Every structure is written in structure tokens, then in C-alpha cells.
Amino acid sequence: MASEAVNKYITLRYDRWLEHSRYHCRLAGIPEEGLDVLNEVLCSLLAKDDRLLIRLLQAKKNGYTELDFFVLRMIKLNATSPTSPYRNRYKAIPADYNADYTRLEIEDIYDEPEDNTETLLTQFHLVREVFEELDLSPLARKVFEYRFFNDQNFSDWTGSESLKELYEVYNGVQELIRKKIKGESLF
């Protein structure tokens, strides 16, 4: 975890480093990736040992710190070197800037939004049917109906059963219903 001084310094210098990153990305032919390169560099930087970062921060030269020079070198390396961590992790998709995309015939496909209501209602009715077919004790029926069908919280339960007992009963009924729906043997 980077020290507070390093975090403050990164915040202070972030805009200048971003400008430097955008410049090198433009030169490298990846003009839209300046922010990504800088953030990748900062993630890599913050993973380094705190003592190294503090030592780099404390070493000053011509109004800059060694941390500045280190970050600027990392930015240039990640933007320009084809074997850099950034370039290896995020391979650029080749684009033909000379192509006239207005001449392409692209079919407009409109996806209908899925209506999950029908699916949920069908599943709810299936659970109700299976529940009605099960040979359950009155307490098990009451507990499952209270929680599942009436959507009530067990903390509001007025019976003498503990929360642990209520959840054990509820989970047991739920497991029986799941097995019945999947066609598994209940015994």
C-alpha cells in the first residue's frame, strides 16, 4: 500500500503525466489510449515496494523528483514499445482509416428487450404446484408460505421457533422443491 505522501504526489502530478501519456500515445499511433496507458503505469507503480517509492519521491533534481522521471519513462515505454506490459495486455485492433464506412451495407437489427415477467410467473406457478403436491408438516407449509409466497422476513415471525429453526425448515422445503423440479428422487 503506497504511503499517503506518494498518493498525494500522484494526485498533484496526474494531469501533467496524463498530458505526457497522451503525447507519446499519439506518436505511437494509439491516440485514444493515453488515459489507459497512464492508469496502467500507475497500477504497476503502486504495486512496487513503498520504500522504493518514498526514496524516489525524496530524491529531487531540477525541481522534479526521481518518481517523476520514473513515471515518465514507464509511460514512454508502455506507449511505444511493442513488448511493453500495456501493449502486450491490450492488443490494438487494426483499423483501416481509408475505408469508407458509409458504403458498407449493414443490416439494422433491433433486439427486442426480453420480458422476464412471463418467465418469472411461470417459474412461480411451477414452485406453487410442486409445493402443493408435497406432503409437508403444517409448520413447514406455514414457514415456506410466510417467507416465499408472502415475502415476509423471519425476524417478524410471531411463532415460538428460533430464526435458526425457521431457516432450516425453509431451506429444507426449498431443497425438496428444487429436487422435485429437477426430477431427482426425494428419497
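Treat the numbers as computed from the prediction; the structure is a model and nothing was measured.
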Colleague: Thr80 versus Leu27: any side-chain heavy-atom pair under 4.5 Å?
Modeller: no
Colleague: Are Asn39 and Tyr14 close enough that a side-chain donor and a side-chain acceptor fall under 3.5 Å?
Modeller: yes
Colleague: Are Gln152 and Trp157 packed together at the side-chain level, in the sense that at least one heavy-atom pair is separated by less than 4.5 angstrom?
Modeller: no
Colleague: Can you tell me if Glu165 uses its side chain to pair, donor with acceptor, with the backbone of Ser162 under 3.5 Å?
Modeller: yes
Colleague: Rounded to the nearest 0.5 Å, how far does OG of Ser3 lie from CD1 of Ile54?
Modeller: 4.0 Å
Colleague: Specify the closest pair of heavy atoms between Lys48 and Leu53, including all atoms of both residues, with the distance to one decimal.
Modeller: O-CD1, 4.1 Å
Colleague: Answer yes or no: is there a side-chain heavy-atom contact under 4.5 Å between Tyr146 and Asp156?
Modeller: yes
Colleague: Yes or no on salt bridge (Lys or Arg N to Asp or Glu O under 4.0 Å) for Arg128 and Glu132, after CA distance, side-chain angles and deciding distance?
Modeller: CA-CA 6 Å; Arg128 170 70 77 182; Glu132 296 298 333; 3.6 Å; yes
Colleague: Heavy atoms only: give me the nearest Val130-Lys180 pair and the separation to one decimal.
Modeller: CG1-CG, 3.4 Å
Colleague: Would you indicate whether Asp135, at its atom CG, is surrounded by more than 12 heavy atoms from other residues, nucleotides or ligands within a distance under 6.0 Å?
Modeller: no
Colleague: For Ser21 and Gly34, indicate whether the former's side chain and the latter's backbone hold a donor-acceptor pair under 3.5 Å.
Modeller: yes
Colleague: Exactly one of Ile10, Val37, Val41 should register a side chain to side chain contact (heavy atoms under 4.5 Å, CB included) with Trp17. Which one does?
Modeller: Ile10
Colleague: State plainly whether one hydrophobic cluster holds both Leu45 and Leu52, where clusters connect Ile, Leu, Val, Met, Phe, Trp and Tyr through side-chain heavy atoms under 4.5 angstrom apart.
Modeller: yes
Colleague: Is it true that a side-chain atom of Thr122 and a backbone atom of Glu118 form a donor plus acceptor pair closer than 3.5 Å?
Modeller: yes
Colleague: Can you measure from NE2 (His24) to CG (Leu77) and round to the nearest 0.5 angstrom?
Modeller: 11.0 Å
Colleague: Grouping I, L, V, M, F, W and Y whenever their side-chain heavy atoms are under 4.5 Å apart, do Phe69 and Ile75 come out in a common cluster?
Modeller: no
Colleague: Considering residues at least two apart in sequence or located in another chain, which fulfil the salt bridge (charged side-chain N to carboxylate O under 4.0 Å, His left out) criterion with Arg147?
Modeller: Asp151
Colleague: May I ask you to decide if the ring planes of Phe148 and Phe124 are parallel, tilted or perpendicular, using 30° and 60° as cut-offs?
Modeller: parallel
Colleague: Looking at Lys164 and Glu168, does any basic side-chain N land under 4.0 Å from a carboxylate oxygen?
Modeller: yes
Colleague: First locate atom CD of Glu4, then atom CG of Asn7, and finally report the distance between them rounded to the nearest 0.5 Å.
Modeller: 6.0 Å
Colleague: Less than 4.5 Å apart, side chain to side chain, heavy atoms only: is that true for Lys76 and Tyr23?
Modeller: no
Colleague: Counting only heavy atoms from other residues, nucleotides and ligands, does the tally under 6.0 Å from CZ of Phe154 exceed 12?
Modeller: yes
Colleague: Could you check whether any side-chain N or O of Asn78 sits under 3.5 Å from a backbone N or O of Ser84, counting only pairs where one atom can act as donor and the other as acceptor?
Modeller: no
Colleague: Parallel, tilted or perpendicular for Phe149 and Phe144, by the 30°/60° rule?
Modeller: perpendicular
Colleague: Side chains of Thr65 and Leu56: closer than 4.5 Å at any heavy-atom pair?
Modeller: no
Colleague: Quick one: CG on Asp49 to CZ on Arg55, what's the gap to the nearest 0.5 Å?
Modeller: 8.5 Å
Colleague: Could you see if Leu136 belongs to whatever hydrophobic cluster contains Ile181? Use Ile, Leu, Val, Met, Phe, Trp, Tyr and a side-chain cutoff under 4.5 Å.
Modeller: yes
Colleague: Honestly curious: do Leu67 and Leu12 fall in one hydrophobic cluster under the side-chain, below-4.5 Å linking rule?
Modeller: yes
Colleague: Considering only residues two or more places apart or on different chains, which pairs with a residue in residues 57-72 satisfy salt bridge (Lys or Arg N to Asp or Glu O under 4.0 Å)?
Modeller: Arg13-Asp68
Colleague: How many angstroms lie between NZ in Lys8 and OG1 in Thr11, if you round to the nearest 0.5 Å?
Modeller: 9.5 Å
Colleague: Could you measure the distance from the NZ atom of Lys142 to the CG atom of Leu166? Nearest 0.5 Å is fine.
Modeller: 10.5 Å
Colleague: May I ask you to decide whether Arg16 forms a salt bridge with Glu19, counting only side-chain N to carboxylate O separations under 4.0 Å?
Modeller: no
Colleague: Examine Leu126 and Phe131 and state if one hydrophobic cluster contains both, with Ile, Leu, Val, Met, Phe, Trp and Tyr joined whenever side-chain heavy atoms are less than 4.5 Å apart.
Modeller: yes
